[in-house]
Amino acid sequence: MKETETIQIVRKETATTERISGSEAVIKCLLAEGVDILYGYPGGAIMPVYDELYKYQDKIHHVLTRHEQGATHAAQGYARISGKVGVAIATSGPGATNLITGIADAQIDSTPMVCITGQVGSQLLGSDAFQETDIVGISTPVTKWNHQITKASEIPEVLAKAFYIAKSGRPGPVLIDITKDAQFEEFDFKYEKCKGIRSYKPVPETDKNSLKAAAELINKAKKPLIIWGQGIILSEAEEAFKAVIEKAGIPAAWTILGVSAIPTSHPLNVGMVGMHGNYAPNVLTNECDVLIAIGMRFDDRVTGNLESYAKQAKVIHFEIDPAEIDKNVKTDVAVLGDAKSSLKALLPLLNANSHNDWHHKFKALYEIEFEKVIKNDLHPTKESLTMGEVLKEINIHTKGEAAIVSDVGQHQMVACRYANFNTTKSNITSGGLGTMGFALPAAIGAKMAAPEREVVMIAGDGGYQMTIQELGTIFQQKVPVKIVVLNNEFLGMVRQWQQLFFDKRYASTEMVNPDFVAIAKGYHIDAKKVTKREDLKNAVKEMIDCKGPYFLEVRVEKEGNVFPMIPTGASVSDIRLE
């Protein structure tokens, strides 16, 4: 949805009026939406809002990040673990453009976020004034909706709309740009929460005939396979999903954003699909007779070569966004609607089943993967430490209850593969955009949103340094996140590709790194470095037992690779184990 569409709010609440400035109206709107934490960085064009924020410090906690990109990723982490709308705020010009990476990340990963930017005075728009950028134009391709406010009186209606759009249906980021004169201008303020927009139907109505057709295919299937994505988590459909797979006895595999919807140990959880997913669900995607996709979008990292993807199967797609139907994979039955309500309606239509012979195939292929890959990752005989055994140790000390916030690269795939997830909303990572630098600020947001949960950040030495300045935010805010850097002195994922497909020409991927422990200690964060296997267990225990923030660097094998792997352009059946 874009600003150019005709939009009309359906009002269902009344409110009293008071005469206040536009900047105070912004704060009152945030309070009305239940915002208790926001992340940002001040500057000239947003200064009136910050001045009002100063007066409301007892009601809204503003977190000064060290970079505007950090503010967006922190807001994402907050949103992903809480299910609420994350909020980031910045000034005009470079402050606004520094938000774009996080906004793009939120858009492709369906994360609800509202970003508020200051703008030069309306009389200066289009004049190339100091720190003026057309942030509405720049952000249009990567927002669910955006809007520029030039009159204070617009603020309540537009912000109400922003929060509604960000959270409803398939969530996403919204950007609201407010000129400086609109922040100063006074008007008669009243706030009415947005309950609906006439031209915007965030949740399509589920067709009962589609549900019946889906159930008929599933009941007749001999080799059904479910692939679920983040849609299960976003719709809070975990219990309904569990009931469906248990009644129908269907093996279920996950995308990286879907993991944690059901526990890792659930007997019907057969692992991860995709480029570095598990062997069995990838290979058997091309053997199943009915493929049931729930809340996932058939990303290329999941499907591999579309020309050879599940051509033998009838495809059922449960999806809230009609634009995803038939976009990549041709669907035989499309069930539009919210996943929770759709799965609840599906459950009574399904026959109880077990599919024992089909499950044995998954178990047999798992044994092959265990012998060739998993055993070497988790129980290595080589001298150097592996990323997998670090995750294994974290599992032991967190009992699978931690929220794992991973960056992007080899460590991300290892974390998804080997972390134990017993609780939903426990895997927070950058999926579709693959944003290096995501993890550190996202971990801050996640921990602040869920202080009762253990939050462990996993990063490589490359991505960690992209937002390393957010250690300052951790220090100032006293956020007790646990930071683990798996240091192989390489941009590991790129190096792996260079080894396998570019004859080991390691062009610009070897890292010469600083003393990470010294840097952490410079921010008064307890820190330790591990280089030997015999020191790992106690170091992880010390980290988890620490009441404050903790930094742990683990030197892992320099040229270790992540397998299985589907080469780019290959079929899921061509997955490599070595």
Answer yes or no: is there an ion pair linking Glu489 with Arg555, defined by an N-O contact shorter than 4.0 Å?
-> yes
Give the minimum heavy-atom separation between Asp105 and Ser430, together with the two atoms involved.
-> OD2-OG, 2.5 Å
Using a strict 4.0 Å threshold on nitrogen-to-oxygen distance, state whether Lys361 and Glu287 make a salt bridge.
-> yes
Looking at Phe490, is Lys558 sitting on its ring face, NZ or CZ under 6.0 Å from the six-membered ring centre and within 45 degrees of the normal?
-> yes
So, are Arg301 and Asp299 salt-bridged, with charged N and O less than 4.0 Å apart?
-> no
Glu401-Thr423 side chain donor-acceptor pair, cut-off 3.5 Å | yes
Report the C-alpha separation of Phe241 and Phe318 in whole Å, then their side-chain angles, then the decisive distance to 0.1 Å, and conclude whether the ring-ring contact (aromatic ring centres under 6.0 Å, His included) test is met.
-> CA-CA 12 Å; Phe241 175 63; Phe318 288 79; over 10 Å; no
What are the two closest heavy atoms between Pro564 and Ile575, and how far apart are they?
-> CB-CD1, 3.4 Å
Would you mind telling me which of Pro173, Ser139, Cys115 makes a side chain to side chain contact (heavy atoms under 4.5 Å, CB included) with Leu99?
-> Cys115
Ile525, Val456, Ile474, Val405 screened by side chain to side chain contact (heavy atoms under 4.5 Å, CB included) with Val481, the one that passes | Ile474
How about Ser406 and Thr429: does a side-chain donor come under 3.5 Å of a side-chain acceptor?
-> yes
So Tyr309 and Phe298, would you call those rings parallel, tilted or perpendicular, with 30° and 60° as cut-offs?
-> perpendicular
Do NZ/NE/NH1/NH2 and the carboxylate oxygens of Glu238 and Lys242 come within less than 4.0 Å?
-> no
Chi angles and distances behind the side-chain contact (heavy atoms from CB on, under 4.5 Å) call for Leu284, Phe362 | CA-CA 8 Å; Leu284 296 179; Phe362 284 88; 3.6 Å; yes
Side-chain donor-acceptor pair under 3.5 Å between Tyr523 and Gln476, yes or no?
-> no
Steps toward side-chain contact (heavy atoms from CB on, under 4.5 Å) verdict (Tyr464, Leu440) | CA-CA 7 Å; Tyr464 176 61; Leu440 188 59; 4.1 Å; yes
Among Asn561, Asn488, Thr509, which one satisfies side chain to side chain donor-acceptor pair (under 3.5 Å) with Arg495?
-> Asn561
So does Lys528 pair up with Glu553, basic N to acidic O under 4.0 Å?
-> no
Show your reasoning for whether salt bridge (charged side-chain N to carboxylate O under 4.0 Å, His left out) applies to Lys399 and Glu454.
-> CA-CA 11 Å; Lys399 298 179 173 59; Glu454 189 72 78; over 6 Å; no
Is it true that Arg533 and Glu393 have a side-chain N and a carboxylate O under 4.0 angstrom from each other?
-> no
For a side chain to side chain donor-acceptor pair (under 3.5 Å) with Ser110, tell me which candidate from Lys144, Arg80, Arg170 qualifies.
-> Arg170
With Val530 as reference, evaluate Val390, Asp535, Val540, Val484 under the side chain to side chain contact (heavy atoms under 4.5 Å, CB included) test and give the passing residue.
-> Asp535
Indicate yes or no: does Glu324 engage Lys327 in a salt bridge with an N to O separation below 4.0 Å.
-> yes
Could you tell me the separation between the NE2 atom of His73 and the CD atom of Glu68, rounded to the nearest 0.5 Å?
-> 12.0 Å
